[in-house]
Amino acid sequence: MTTPIFYVNGDPHLGTAYAAINADAFARWHRLLGDEVLFLTGTDEHGLKIQQSADEHGVSPQVWVDHTASRFLGAWRELDISFDDFIRTTQERHHRTVQQFLTAIYENGFIEKGFYVGLYCVACEAYYEESELLEGSRCPVHERPVTEMSEENYFFKLSAFTDRLIELYESGAIRVTPEFRANEVLGFLRQGLKDISITRTSITWGVKVPWDDNHVFYVWYDALINYLTAIEYGEDTGRFAQWWPAVHHLLGKDIIRFHAVWWPAMCLAAGIDPPSQLLVTGWLLVDGAKMSKSSSNQIDPLSVVREMSSDTLRYYLLSSTSFGADGDVSLERLRASYNADLANDLGNLVSRTVALIVQKFGGKAPLVPSLDERNVTLMEFVSNGITAWNEFHPNVAIGAAMEMVRSSNSLLEHYEPWRRPVDDPESAWCLGTIREALRLAALLLSPAIPQAAHGVIERLGLSDLGPLEWRPGGEISELSRAEPLFPRLQKEK
């Protein structure tokens, strides 16, 4: 499981956090299933923008990226991103991989020297065709004027792979989620591909071209190869074979051309299989507008974490947006989501269930009853949640878990254990059922809200999350009242 590596020319923002949280949730889900998971993230640290920023701050590029990369590493820890490897493209291991991989492409005859003149966006670190630009020769992503640049370059023969890439997407050999993004890629491919520049002579901050000391590799080529650095391409054939090409690349829609066209073609040129799956997210909008520094509509993810919790932000971003579509977010809706779903529904049900077990059964949790016609429908929510996580639909999976919570609350209201005598069998059946339903809901929610999910389990007197199946009987455990899992947020004055 991979995120794109994040460019270190600014602080982590809500968009980068959204990508990391989605990838983390999928990695956590597959660990729950017992799959062996290698989850990669990291920082992209070369290119013209970095060199310019370092000059502006009066430090070397390496000092600058050490400073900025540490902010991403710290932010991902605050957001509970459970990565297994954090790649930095300035690491020696990455330089070795880039040089070995691109040398293989060069020796296979798919790289040649030429001279390039093109329209370049410094913010994107990318060239654009005139037809791709906005009015006034502006970048379609950053809406800033592009610059005409010319220099001697080495070119990758991307055009040689047009037909092969079309075949791979049409056959489903490379899967794309959501599916409509595959049609977008095919539309681009059917226009025909041009060879592309892959080196620079105008800058020195990058990975050196091993066969020509006057060139460094273009930052996008260097960055894409990070996925191979982590699995020791060219150095450990067993480890590489273990993980490649069974990779799930999560990326934003604005970089789909690089991952869906350039990257598979590079792999084919080097003589390895292309990646198996691309998971493409949409953009996060604030009140319908794209976030930008100039409009002051940004939401700082770490401010939310420090005011509330990482689970609060993770829950909101994963539950309020459909994977692959643009999502419209706001702090007001985040607070409303927390109060309605986490505080009122989940947190309140946990507190009421534990309090009733303490009151009616002396804190000794009733055993979980077997499934019957009264509670078997709860397992439909579990089945729906499993399917949704497996198909990369976190909002649907979270919705299934919360429906299970609400159905459990309806059971509680129907049986009214607080009105029944101590040790009443119907109360035992009701509270035993709800306790197990809450365990399963916590299990389905744990990829999204890992800390709170374990908080639910602890309050229920359980030692772990357990299996994704109904578990009659259960542990003999003593419960005691605890602080609310999700204290309600007060409205801001």
Can you tell me how far the [atom1] atom of [X] sits from the [atom2] atom of [Y], to the nearest 0.5 Å?
X	Y	atom1	atom2	value
K49	N9	NZ	CG	5.5 Å
I105	Q100	CD1	CD	12.5 Å
I87	T41	CD1	OG1	9.5 Å
N395	L317	CG	CG	12.0 Å

N183-E179 side chain donor-acceptor pair, cut-off 3.5 Å: no

Considering only heavy atoms from C-beta outward, does the side chain of [X] approach that of [Y] to under 4.5 Å?
X	Y	value
S137	Y128	no
I449	L342	yes
P450	R314	yes
V304	L331	yes
F188	L193	yes
R257	E132	yes
V247	I231	no
F323	L250	yes

With side chain to side chain contact (heavy atoms under 4.5 Å, CB included) as the criterion, how do N390 and L33 come out once you've worked through the C-alpha distance, each side chain's angles and the decisive distance to 0.1 Å? CA-CA 10 Å; N390 285 339; L33 296 181; 3.5 Å; yes

E184/K253 ion pair, N-O < 4.0 Å: no

Do NZ/NE/NH1/NH2 and the carboxylate oxygens of R28 and D80 come within less than 4.0 Å? no

I'd like to know whether Q51 forms a side-chain hydrogen bond (donor to acceptor under 3.5 Å, both in side chains) with D55, so could you lay out the CA-CA distance, the side-chain angles of the two residues, the decisive distance to 0.1 Å, and finally the verdict. CA-CA 6 Å; Q51 189 168 306; D55 291 344; 4.9 Å; no

Could you report the tightest heavy-atom contact between [X] and [Y], atom names first, then the distance?
X	Y	result
A23	F39	CB-CE1, 3.7 Å
A448	I398	CB-CD1, 3.8 Å
L371	M379	CD1-CG, 3.9 Å
Y18	G282	CE2-O, 4.1 Å
N214	T201	O-CG2, 3.5 Å
G252	T281	CA-OG1, 3.5 Å

Derivation and outcome, side chain to side chain contact (heavy atoms under 4.5 Å, CB included), residues H46 and H95: CA-CA 11 Å; H46 291 131; H95 282 230; 3.4 Å; yes

Trace of the side-chain hydrogen bond (donor to acceptor under 3.5 Å, both in side chains) decision for T89 with D222: CA-CA 8 Å; T89 58; D222 151 19; 4.5 Å; no

Side chain to side chain contact (heavy atoms under 4.5 Å, CB included) between T43 and V65: does it pass, once the steps are laid out? CA-CA 9 Å; T43 45; V65 297; over 6 Å; no

Before we go on, tell me: are the rings of [X] and [Y] under 6.0 Å apart, centre to centre?
X	Y	answer
W262	Y221	yes
F83	W76	no
F26	H248	no

Backbone of G114 reached by a side-chain donor or acceptor of N153 within 3.5 Å: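 Here the side-chain-to-backbone pair does not exist.
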
Just to verify, which of E151, E152, R200, K208 counts as forming a side-chain hydrogen bond (donor to acceptor under 3.5 Å, both in side chains) with H215? E152

Let's go through V396 and E391 carefully: what are the C-alpha distance in whole Å and the side-chain angles of both, what is the deciding distance for side chain to side chain contact (heavy atoms under 4.5 Å, CB included) to 0.1 Å, and is it a yes or a no? CA-CA 10 Å; V396 178; E391 295 179 354; over 6 Å; no

